[in-house]
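Heads up, the thing below is written out as structure tokens.
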Amino acid sequence: MWQHPLALGALDFIAEHGGCANAVGQAGLEKFDRWLRDRKVRFLKRTLDRIYCWARDAAQGDQMAPSILRVWLELLEDWKPKTKQIAALEVSEASLLVKTPYLLLRSHPGISVVSAAELAGETGPIEHYASSKSITGRGGIFPGRYQSDEVDRSGNLSRLLVRRTICSGAARRAS
């Protein structure tokens, strides 16, 4: 919703016309349509009809609507520049990410530029890893495996804690 121009336009219209969802229904479809067109918001007519029908059937606003509206407008005005800053930072990170093999992470659903760049920053140059198992080992997780005689089963990931105790000569002599 926050990245769709029509949704943001509808929120702005509601904010300017009383702060309640039924403001769209009270204003009328033509006024809502004209208001969006004046602000160069692109939309499909059937989508606008759906919003209008929903708003026309919406419940009356709360008595606290003016107070809530004031806070909501402040948060909305705070959100807009921060969204632009985040987009600029993502473009900056993407320009660095495209120079690395970690760009391939973006081909997986759910991996954003930020996630891929964070992994790249944490793991360092990919050339330092012989295989994917080396990367998971760095994360502290290892494939579970049970081997005994002729039994060889692979299981889920498990945590392997390697505890090394570095003892000075004095500590060893004291024990």
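Every value quoted in this text rests on a predicted model; they were computed, and no experiment measured them. Values below: all heavy atoms of this structure, side chains included; hydrogens, waters and symmetry mates excluded.
Look at Asp49 and Arg56 and you find no salt bridge, because none of the NZ, NE, NH1 or NH2 atoms lies under 4.0 Å from a carboxylate O. Classification of Asp33 and Lys45 as a salt-bridged pair holds, one side-chain N sitting under 4.0 Å from a carboxylate O. Lys82 has a carboxylate O that lies under 4.0 Å from a charged side-chain N of Asp78, or vice versa, which qualifies the two as a salt bridge.
Side chain of Arg106 to backbone of Ile111: a donor-acceptor contact under 3.5 angstrom is found. Listed for the Thr47 side chain is no donor-acceptor partner under 3.5 Å among the backbone atoms of Phe43. A donor-acceptor pair under 3.5 Å is formed between the side chain of Thr83 and the backbone N or O of Trp79.
Residues Leu44 and Leu48 form no side-chain contact, since every pair of their non-hydrogen atoms from C-beta on lies 4.5 Å or further apart. Looking at Leu69 and Ile14, their side chains never come closer than 4.5 Å, going by heavy atoms from C-beta outward. You'll find the side chain of Ser115 stays beyond 4.5 Å of the side chain of Glu118, heavy atoms only. Side-chain contact between His4 and Leu8: absent, with no pair of heavy atoms (C-beta onward) separated by less than 4.5 Å. Counting heavy atoms from C-beta outward, His17 and Gln26 have side chains that stay 4.5 Å or more apart. Using a 4.5 Å heavy-atom threshold, the side chains of Val91 and Val113 count as separate.
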side-chain contact (heavy atoms from CB on, under 4.5 Å) evaluation trace for Val41 with Asp12 | CA-CA 11 Å; Val41 176; Asp12 284 337; over 6 Å; no
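Between Ser92 and Ser95 the shortest heavy-atom distance is O-OG, 2.6 Å. When all heavy atoms are compared, the tightest approach of Leu36 to Leu6 is CD1-CD1, 3.6 Å. Taking each heavy atom of Ala55 and Val24 in turn, the nearest pair found is CB-CB, 3.5 Å.
With a 6.0 Å cutoff to the six-membered ring centre and a 45° limit on the axis angle, Arg39 counts as a cation-pi contact of Trp35.
Two rings, from Phe32 and Phe13, have their centers less than 6.0 Å apart.
With rounding to the nearest 0.5 angstrom, the OH atom of Tyr102 is 3.5 Å from the CD1 atom of Ile126. Here the straight-line distance linking atom CE of Met64 with atom CZ of Arg70 works out to 8.5 Å at 0.5 Å rounding. Here the CG atom belonging to Leu29 is positioned 10.5 Å from the CZ atom belonging to Arg34, to the nearest 0.5 angstrom.
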